[in-house]
2 protein chains.
Amino acid sequence: MGKRVTINDVARIAGVSRQTVSRALNDKGEIDGSTKQRVLDAARELGYRPSRFARGLVRQDSTTIGLVIPDLLNPFFTEVAHGALEAARARDWHVIVYDTADSIDEERRTIEVVVSQVDAVVGYFSLDEAELDQHLSGIPVVLIGREHRTPRFSSIRIDGQKGVHEAVDHLVAAGHRRIGMLDHAGRAEPSLRRGWFADAMATHGLDAPVVGNAVQSVDGGAEALHEMLSRHPDLTAVFTYNDVVAIGALRAARRLGLAVPGDLAVIGFDGLQLGTVVDPALTSVALDTTRIGALAIDQAGRLLAGEPPLPPEELQVSATLLVRDSA
Amino acid sequence: MGKRVTINDVARIAGVSRQTVSRALNDKGEIDGSTKQRVLDAARELGYRPSRFARGLVRQDSTTIGLVIPDLLNPFFTEVAHGALEAARARDWHVIVYDTADSIDEERRTIEVVVSQVDAVVGYFSLDEAELDQHLSGIPVVLIGREHRTPRFSSIRIDGQKGVHEAVDHLVAAGHRRIGMLDHAGRAEPSLRRGWFADAMATHGLDAPVVGNAVQSVDGGAEALHEMLSRHPDLTAVFTYNDVVAIGALRAARRLGLAVPGDLAVIGFDGLQLGTVVDPALTSVALDTTRIGALAIDQAGRLLAGEPPLPPEELQVSATLLVRDSA
DNA sequence: TTGAAAGCGGTACCAT
DNA sequence: ATGGTACCGCTTTCAA
């Protein structure tokens with residue numbers, strides 16, 4: 001029942017050929033004013049609308065990118081998505097967004113259908129490359145926040161080395177010595193961020209850091225800080241896996257009657273805008289989230305156009321300490 | 001350069017006809033195992049990928065919806081978008097997201113191109129219906145947060161009447177009498193929310209309310225509260241146009257040394273998750289934001305299928321007071 | 001099991 | 001200014 005009315009119907013009603021209809025609708029010259037009007041009227045009357053498929057088939061323009069993210073409600077992904085949308089819009093590209101709801105099954109469903117809807121795919125995946133390639137065969141794929149293993153894929157890397165060092169420098173300069181970290185709970189290996197942190201601590205000759213694990217949520221962060229502080233009451237500063245956890249830590253500190261940054265300094269990671277709504281505003285190792293999305297789109301574009309892709313060095317986004325009020 | 005390899009190329013290389021290629025690729029029966037393998041190999045080798053246009057042209061399935069929002073970074077719209085994506089995914093529909101960056105020009109650009117990419121459009125628009133219809137001709141359009149004037153469009157209404165009354169009831173029950181409101185700045189007419197508020201105040205026989213105007217941002221809310229309090233220091237409670245403004249008010253109150261809710265009660269509007277990260281957690285007249293998006297998708301679906309559309313009464317989402325800690 | 005032919009709904013090019 | 005025709009890439013009859 002959907003797209004019934006075709007260009008032929010319009011042609012018939014208007015008493016002209018389809019080519020003429022096409023001309024009228026596309027504002028080509030070479031058409032009589034009254035004819036054009038007649039066609040337009042007929043089209044409107046019939047509720048005619050060109051098929052995007054037929055049109056796409058003949059004019060090979062119009063690019064559509066699939067953006068796959070685990071959870072749009074997570075402000076980090078929201079920002080990345082925003083960056084991607086912005087970059088795509090600048091090129092007049094269209095972006096189909098898929099929210100996989102943090103579910104591996106939804107991710108599977110997504111890669112199965114996305115390939116027939118878009119020209120390239122960018123985003124966050126947890127499936128292994130073999131499975132991805134199997135379903136996404138033949139189409140450019142840019143992985144975000146995860147390193148590719150085979151040349152089949154591209155990836156945008158997050159380089160927090162410098163930023164995390166700055167964070168620790170900042171804390172040390174303020175006199176902190178006992179600094180803990182709230183890492184990502186429930187992952188096989190310690191995070192890269194934890195590695196950078198340990199590295200920075202070592203640089204200052206500080207003790208092997210105290211590390212707790214936080215579930216990735218505000219509540220998770222609050223709980224983890226409680227726990228960590230009960231075991232290590234001497235901590236005067238905390239660095240967290242990300243801003244969401246840091247915000248939880250902020251809340252926990254307040255509940256414990258600790259002034260931030262006076263009694264406890266807190267530094268997050270991501271530099272989300274969200275960090276400005278809490279009080280004190282969150283100091284954070286900031287990523288240019290917009291750029292992450294934009295880079296992914298950019299790389300997808302190069303791959304699509306057959307241009308030389310950006311080399312790994314340029315596919316990195318590095319972090320910088322963003323000093324606000326919590327440290 | 002883009003989509004060079006066609007089904008014909010695969011057919012030639014595999015030494016079969018295109019129909020056979022189609023069979024192999026689409027897992028139809030009636031094909032010899034070895035033939036199928038040969039085709040698959042050829043396809044992989046050539047990096048063949050079916051044209052989504054050609055395929056869409058012949059099988060008229062696959063629905064794509066355009067979602068137009070003014071700013072994905074605004075948590076309210078993020079939540080609505082999330083609801084829409086979720087509802088679309090449940091039907092195996094695809095959603096192209098357009099962020100118009102709060103710009104009327106971007107909105108224009110969007111409606112000009114979206115029509116050739118999607119089957120229906122839902123979202124937020126500020127253009128008038130005539131202009132919308134002109135570009136979106138013939139395709140279902142569901143307006144959110146704004147009432148349609150002509151039957152050409154559908155719209156999802158926000159009904160805050162009950163929720164706002166609950167909010168005022170709640171405040172009055174807690175002993176508040178002097179309650180101000182921070183409305184939306186920079187709009188021609190007072191908002192509906194302000195009307196509901198005035199109405200609720202009148203119900204309780206309270207004075208005509210004090211109303212200030214806030215720019216729609218955290219800073220805007222903070223500033224507006226300052227200003228309002230300097231002129232009306234006797235206020236003990238504030239209701240705001242939305243949560244973002246309320247969060248600004250929260251901050252301003254804290255800076256002024258006012259305890260919330262002790263010295264000043266604050267109630268927002270929207271019921272965003274964002275309200276849980278601030279301290280005290282924000283009490284708010286909550287909307288089911290997810291439902292807003294879902295309703296829009298639902299209505300678009302009915303329009304598309306030629307089913308009877310939902311009547312206006314069912315296209316409403318009403319608000320309820322969500323009591324957290326700020327009032 | 002496989003292939004030939006006929007569209008799907010448009011646009012471009014060449015006549016008229 | 002308008003119409004005829006080929007063709008975009010793929011799937012769906014229908015024969016063979």
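Only this structure's heavy atoms are used, side chains among them; waters, hydrogens and symmetry mates stay out. First the proteins, then the strands, lettered A, B, ... as listed; each starts at 1.
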For [X] and [N], what is the distance between atoms [atom1] and [atom2] respectively, to the nearest whole Å?
X     : N      : atom1 : atom2 : value
B:R55 : C:dG9  : CZ    : C1'   : 18 Å
A:R59 : C:dC13 : CZ    : P     : 13 Å
A:D27 : C:dA12 : CG    : P     : 14 Å
B:D32 : C:dG3  : CG    : P     : 11 Å
B:L25 : D:dG9  : CG    : P     : 16 Å
A:I7  : C:dG9  : CD1   : P     : 11 Å
A:K36 : D:dT2  : NZ    : C1'   : 15 Å
B:I31 : D:dT11 : CD1   : C1'   : 14 Å

[X]/[Y] ion pair, N-O < 4.0 Å:
X      : Y      : value
A:E147 : A:R157 : yes
A:R12  : A:D9   : yes
B:R149 : B:D128 : no

Checklist line | Any donor-acceptor N or O pair under 3.5 Å, side chains A:S103, A:D105 | finding: no
Checklist line | Distance-only side-chain donor-acceptor flag, B:E107 / B:S126, under 3.5 Å | finding: yes
Check: If you check every side-chain atom of B:P50, which of C:dT2, C:dT11, D:dC10 has the closest atom?
Finding: D:dC10
Check: Which is true for B:N26 with a 4.0 Å heavy-atom rule: it touches a base, it touches only sugar-phosphate, or it touches nothing?
Finding: sugar-phosphate
Margin query: Can you pull out the residues from residues 16-23 of chain A that lie within a 4.0 Å heavy-atom distance of DNA chain D?
Written below: A:V16, A:S17, A:R18, A:Q19, A:T20, A:R23
Checklist line | Flag, side chain of B:D71 to backbone of B:A101, donor-acceptor distance under 3.5 Å | finding: no
